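These numbers come from a predicted model, not from an experiment. Computed over heavy atoms, backbone and side chain alike; hydrogens, waters and symmetry mates excluded.
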Amino acid sequence: MTATAVNPYLDGNFAPVSDEITADNLKVIGELPTDLSGMFVRNGPNPQWSPIGKYHWFDGDGMLHGVRIHEGKATYRNRYIKTRGWQIENQVGKAVWTGLMEPSRPDNPYGPGKNTANTALVWHAGQLLATWEGGTPHAVATPDLDTIGEYNYNGKLVSAFTAHPKVDPVTGEMMFFGYGFAPPYLKYSVVSAAGELLRTVPIDIPMGVMMHDFAITENYTIFMDLPLTFSMQRMQKGLPGLMFERDKPSRFGIVKRHGDNSNIRWFETPACYIFHTLNAYEEGDEVVLIANRMSSTNVLVSNDTKRDSDGDIPRLHRWRFNLTSGSVREERLDDIASEFPRVNENLLGRKTRYGYSGKMAASSTPLFNGVIKYDFRNGTSQIHDYGKGRYGGEAVFAPRFGASNEDDGWLVTFVYDTSSETSELVVINAQDMTSQPVARVLIPTRVPYGFHGAWIAV
Ligand SMILES: [Fe+2]
């Protein structure tokens, strides 16, 4: 990198914003439906200070951007998640931790690392949590988005906490896992509908892997042991700790929700990497998983794996794991690159007719130029295009109050217009994907591209 080269994740609409603001009565182009009531909150990296050394998009301090919609009016606020690390760096007045692309510094007087809380959000048992897969979740107040603090389930949390816990919409239980690079490499937990951490069990996998997401069905939990492996021995030899090992299989472990390692079933497929699952469900003897599959990944290991022309391109796939025969079938559902898949979460773990996935632009940085609605019953799809030079993020489904049809509701996401350099929240009728958004809420500040959001009924 030359002295003048700009890190793309600190440039354009990836660049952080410095102010926390609150703005009422936002200008709306179109009309906000009066039966859309709640709050869209999105998490993402927003480094408080200039980074030390190389910066990766995954490194920035978490910032929440929220738009609350009620009776056709909208309010915006953005707030840092004031983690312990954020508070220390705020007091010191500069960054004191390096990121994922730099060697870790175990002798750092402030501690070995920073929990940025920057990845996703989950609403469970009346509490909004900001998540980050390397550590403890943070409780956040709604609708103010003020940080309450680390949330450790009355001291019962004994593992890291995935950014993507899954809430069963019928029972209210929440499932999560934590992974690490020392044995046991994987721990699986269930939280009751009331928010009590009921149990944590170890699940055996051969070595540490980067495990970003998982899936649930009505009765099962599905783990993805994919060959993006971590090896201390490799690191001691001066090789990268984290590598994609394309000669190793992908392993999918299916366990009863309240089961454990003694009754998990493993299925193998050729090597792949999956960041996100769309959904999973049971059908006859099969457990079915739908997720965005890449044939390989260079994430965090860009200089150290063989380049694969088709690698790092996520496309929607479906797996059928037969619990009777032990067979697995893997099938590509679309050739279009997409990521950040979602469903109507009132049907999470059940067979859905529809799913939604962000349509990726051809770009060296992840940009979403639209959202695809998949109709799995008919095997068709429709695309909502954000327009020329306009890029969105994860589109989250917000159901209409009192809806009875699965797709009766809206998709909401922040869109950035590169020509006007402004941000807006777009509200798309999920039953009328190819029309213009029903409402565009103009945000009086730039909303940087980020990771995952949630629609919450507050
Ligand atoms: Fe994620």
Side-chain angles (χ1 to χ4, degrees), residues 29-33 35-36 40 42 69 215 274-281 283 288-294 313-319 331-348 350-363 366-401 403-417 424-441 449 452-455:
I29 298 170
E31 203 169 332
L32 282 168
D35 43 4
L36 175 65
F40 175 65
R42 203 220 62 204
I69 297 169
I274 296 165
F275 270 106
H276 298 113
T277 64
L278 185 141
N279 199 12
Y281 56 91
E283 193 165 56
V288 183
L289 171 69
I290 301 177
N292 298 75
R293 178 194 186 275
M294 301 184 290
I313 299 176
R315 298 184 178 93
L316 207 63
H317 281 66
R318 178 166 54 209
W319 292 257
E331 173 189 12
R332 185 189 279 194
L333 298 181
D334 196 355
D335 292 335
I336 295 178
S338 75
E339 246 295 354
F340 287 174
R342 300 291 292 244
V343 287
N344 178 340
E345 291 193 349
N346 292 328
L347 291 162
L348 195 75
R350 280 72 183 171
K351 185 174 184 177
T352 65
R353 176 168 177 184
Y354 303 108
Y356 310 91
S357 192
K359 180 174 172 285
M360 299 190 81
S363 164
L367 293 176
F368 296 91
N369 56 17
V371 55
I372 310 169
K373 177 186 183 183
Y374 289 96
D375 180 335
F376 300 120
R377 184 189 294 173
N378 292 343
T380 57
S381 62
Q382 287 183 304
I383 294 171
H384 179 93
D385 192 320
Y386 297 133
K388 189 171 171 4
R390 290 162 58 86
Y391 300 103
E394 183 183 57
V396 172
F397 183 81
R400 183 191 303 273
F401 184 76
S404 52
N405 290 326
E406 182 191 325
D407 62 344
D408 187 4
W410 298 270
L411 293 168
V412 290
T413 187
F414 287 115
V415 166
Y416 178 71
D417 188 313
E424 53 195 66
L425 181 83
V426 299
V427 180
I428 302 156
N429 182 344
Q431 294 181 325
D432 188 12
M433 290 291 290
T434 54
S435 291
Q436 291 297 307
V438 296
R440 295 165 52 197
V441 181
Y449 299 128
H452 302 283
W455 178 259

### Query
Is Arg377 atom CZ crowded by more than 12 heavy atoms from other residues, nucleotides or ligands, each under 6.0 Å away?
no
### Message
Looking at Glu283, I want to see if its CD is surrounded by more than 12 non-hydrogen atoms of other residues, nucleotides or ligands under 6.0 Å.
### Response
yes
Test: [X] and [Y] ion pair at under 4.0 Å:
| X | Y | result |
| --- | --- | --- |
| Arg318 | Glu331 | yes |
| Asp335 | Arg315 | no |
| Lys373 | Asp407 | yes |
| Glu424 | Arg390 | yes |

### Query
Please, which pairs that meet salt bridge (Lys or Arg N to Asp or Glu O under 4.0 Å) have at least one residue in residues 337-346, sequence neighbours excluded?
Arg342-Glu345, Arg342-Glu394
Any non-hydrogen side-chain atom of [X] less than 4.5 Å from a side-chain atom of [Y]?
| X | Y | result |
| --- | --- | --- |
| Ile428 | Val438 | no |
| Val441 | Leu32 | yes |
| Tyr281 | Thr352 | no |
| Leu411 | Trp455 | no |
| Val288 | Trp319 | no |
| Ile290 | Leu333 | yes |
| Thr413 | Leu425 | no |
| Tyr374 | Tyr354 | no |

Closest non-hydrogen atom pair, [X] against [Y]:
| X | Y | value |
| --- | --- | --- |
| Tyr386 | Gly393 | OH-O, 4.0 Å |
| Asn429 | Trp410 | CA-CD1, 3.7 Å |
| Ala337 | Ile313 | CB-CG2, 3.7 Å |
| Tyr391 | Ala361 | CE2-CB, 4.0 Å |
| Val343 | Phe397 | O-CB, 4.2 Å |

### Query
Side chain of Asn378, backbone of Thr380: donor and acceptor closer than 3.5 Å?
no
### Message
Please check: side-chain N/O of His384 versus main-chain N/O of Met433, any donor-acceptor pairing under 3.5 Å?
### Response
yes
Rounded to the nearest 0.5 Å, what separation is found between the [atom1] atom of [X] and the [atom2] atom of [Y]?
| X | Y | atom1 | atom2 | answer |
| --- | --- | --- | --- | --- |
| Ile69 | Leu36 | CD1 | CG | 4.5 Å |
| Leu278 | Tyr356 | CG | OH | 10.0 Å |
| Ile336 | Met360 | CD1 | CE | 13.0 Å |
| Asp35 | Asp408 | CG | CG | 8.0 Å |
| Arg353 | Leu347 | CZ | CG | 13.0 Å |
| Ile274 | His317 | CD1 | NE2 | 9.0 Å |

### Message
Run Ile383 and Thr434 through side-chain contact (heavy atoms from CB on, under 4.5 Å) and show every step you take.
### Response
CA-CA 6 Å; Ile383 294 171; Thr434 54; over 6 Å; no
### Query
Do Lys359 and Phe368 meet the cation-pi criteria used here (NZ or CZ under 6.0 Å from the six-membered ring centre, within 45° of the axis)?
no
## Note on the structure
Residue set satisfying ring-ring contact (aromatic ring centres under 6.0 Å, His included) with Phe275, at least two apart, ordered chain then number -> His212, Tyr273
### Query
Which class fits the ring pair His276 and Phe340: parallel under 30°, tilted 30 to 60°, perpendicular over 60°?
perpendicular
### Query
side-chain hydrogen bond (donor to acceptor under 3.5 Å, both in side chains) with Ser338: which residues, sequence neighbours excluded?
Asn292, Ser357
